[in-house]
Peer 1: 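Got a structure here, written out as structure tokens. Questions coming.
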Amino acid sequence: MIAFVSGPVAALAPDTAVVEVGGIGMAVQCTPGTLASLRIGQQARLATSLVVREDSLTLYGFADDDERQTFELLQTASGVGPRLAQAMLAVHSPDALRRAFASGDEKALTAVPGIGKKGAQKLLLELKDRLGKPVGSAAPAAAPAAPGWRDQLHAALVGLGYATREADEAVASVEPKAEAVLAEGGTPQVGQLLRAALQTLNRAR
């Protein structure tokens, strides 16, 4: 198993980072929050999980070992594959997921694209005791976004499977929040904006 990759970031796409390792470009599937912390040309170290299928080998990358372990534990539930597990981590941090399962928070799970009410109930039953207890008091802060938060957020939403029109509307819905941060001299954080945008999309359904 490839436990991690480390090296300069050679390229970034809406759902993939290419990390150069020993002269080889390793394509790693990542959540939008993780991708937002990477910069082309800068060093990166991503914890990884290799998913083997009959017709493919896919490397999934994470900000730390906790995210990777949570990703793998989520897939022990029936019906949860790597894409859905990654979507859950795109919306919630590992600790937020632990809190959701520990408290039976169905609403938190239905905020994830692809999980409906019945699916959430089933997951709560299956994973309640598998993820463990929350280890922190709050989710870790998302990494600052580079200039052009709108483009990054839009690309992240499209990468999660939303239509361009839905992504446009979601970006518009969180613009006041981003503008307020800019007005105070701060930098909009794509990870936080993504969670807010996903909540807006979930309410609209």
Side-chain angles (χ1 to χ4, degrees), residues 9 11-17 28-40 44 46-47 60-64 66-68 70-71 74 80-100 105-116 119-120 123 134 136 138-184 186-205:
V9 178
L12 293 171
D15 60 356
T16 308
V28 187
Q29 299 280 318
C30 302
T31 64
T34 298
L35 289 170
S37 70
L38 305 176
R39 300 289 181 270
I40 293 176
L46 297 173
Y60 289 84
F62 309 93
D64 53 38
D66 188 24
E67 276 196 4
R68 179 184 61 196
T70 303
F71 171 78
L74 288 170
V80 178
R83 288 192 178 279
L84 182 57
Q86 191 177 53
M88 293 169 75
L89 285 166
V91 180
H92 300 295
S93 68
D95 230 28
L97 284 172
R98 285 190 281 266
R99 284 194 295 271
D105 189 351
E106 185 180 304
K107 187 175 181 181
L109 296 185
T110 56
V112 178
I115 298 180
L123 287 172
W149 66 265
R150 291 178 183 82
D151 291 339
Q152 285 196 15
L153 179 57
H154 192 277
L157 290 165
V158 172
L160 284 172
Y162 286 100
T164 300
R165 179 185 58 78
E166 291 179 307
D168 290 340
E169 293 173 355
V171 170
S173 72
V174 300
E175 186 166 2
K177 181 179 293 188
E179 293 297 336
V181 172
L182 288 169
E184 294 176 358
T187 302
Q189 297 180 336
V190 171
Q192 292 179 355
L193 293 174
L194 176 63
R195 291 187 175 96
L198 288 170
Q199 289 173 357
T200 299
L201 286 165
N202 187 58
R203 285 196 298 268
R205 289 186 167 184

Peer 1: Please name the pair of heavy atoms, one in Ala44 and one in Val9, separated by the smallest distance, quoted to 0.1 Å.
Peer 2: CB-CG2, 3.7 Å

Peer 1: Would you give the length of the straight line joining atom CG of Leu84 to atom CG of Leu89, rounded to the nearest 0.5 angstrom?
Peer 2: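 Rounded to the nearest 0.5 Å, the CG-CG separation comes to 10.0 Å.
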
Peer 1: Under 4.0 Å between a side-chain nitrogen and a carboxylate oxygen: does that hold for Asp168 and Arg165?
Peer 2: no

Peer 1: What's the shortest heavy-atom distance between Pro113 and Leu198, and which atoms?
Peer 2: CG-CD2, 4.1 Å

Peer 1: Which pair of non-hydrogen atoms, one from Leu38 and one from Thr34, has the smallest distance, and what is that distance?
Peer 2: CG-O, 3.5 Å

Peer 1: Please report the interatomic distance CG(Asp105) to NE2(His92), rounded to the nearest 0.5 Å.
Peer 2: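 Output value for this atom pair is 7.5 Å.
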
Peer 1: What pair of heavy atoms forms the shortest contact from Ile115 to Ala120, and how long is it?
Peer 2: CG2-N, 3.7 Å

Peer 1: Just verifying a value: how many Å separate Arg195 CZ and Thr200 OG1, rounded to the nearest 0.5 Å?
Peer 2: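 Between atom CZ of Arg195 and atom OG1 of Thr200 there are 14.0 Å.
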
Peer 1: So do the side chains of Leu193 and Val171 get within less than 4.5 Å of each other, counting heavy atoms only?
Peer 2: no

Peer 1: How close do Pro32 and Leu194 get, counting heavy atoms only, and between which atoms?
Peer 2: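 Heavy atoms only, the tightest pair is CB-CD2, 3.5 Å.
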
Peer 1: Does the distance from a Lys or Arg side-chain N to an Asp or Glu carboxylate O, for Glu179 and Arg150, drop under 4.0 Å?
Peer 2: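 Salt bridge present between Glu179 and Arg150.
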
Peer 1: Is Gln199 reaching over with its side chain to a backbone N or O of Ala196, donor-acceptor style, under 3.5 angstrom?
Peer 2: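 No: the side chain of Gln199 does not pair with the backbone of Ala196.
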
Peer 1: Please walk me through it: do Thr16 and Val28 pass side chain to side chain contact (heavy atoms under 4.5 Å, CB included)?
Peer 2: CA-CA 5 Å; Thr16 308; Val28 187; 5.7 Å; no

Peer 1: State whether a side-chain donor-acceptor pair under 3.5 Å links Thr31 with Gln86.
Peer 2: no

Peer 1: How long is the gap from CG on Leu46 to OH on Tyr60, to the nearest 0.5 Å?
Peer 2: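 The CG atom of Leu46 sits 14.5 Å away from the OH atom of Tyr60.
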
Peer 1: Is the shortest side-chain N to carboxylate O distance from Arg68 to Asp64 below 4.0 Å?
Peer 2: no

Peer 1: Determine the minimum heavy-atom distance between Pro94 and Thr70, stating which atoms define it.
Peer 2: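 Answer, listing the atom of Pro94 first, then Thr70: CB-OG1, 3.4 Å.
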
Peer 1: To the closest 0.5 Å, what do you measure between CG (Asp95) and CG (Asp66)?
Peer 2: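 If I round to the nearest 0.5 Å, the distance is 7.0 Å.
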
Peer 1: State the NZ-CG distance between Lys177 and Leu182, to the nearest 0.5 angstrom.
Peer 2: 13.5 Å

Peer 1: Kindly determine whether Val91 and Leu97 satisfy side chain to side chain contact (heavy atoms under 4.5 Å, CB included), including the steps that lead there.
Peer 2: CA-CA 9 Å; Val91 180; Leu97 284 172; over 6 Å; no

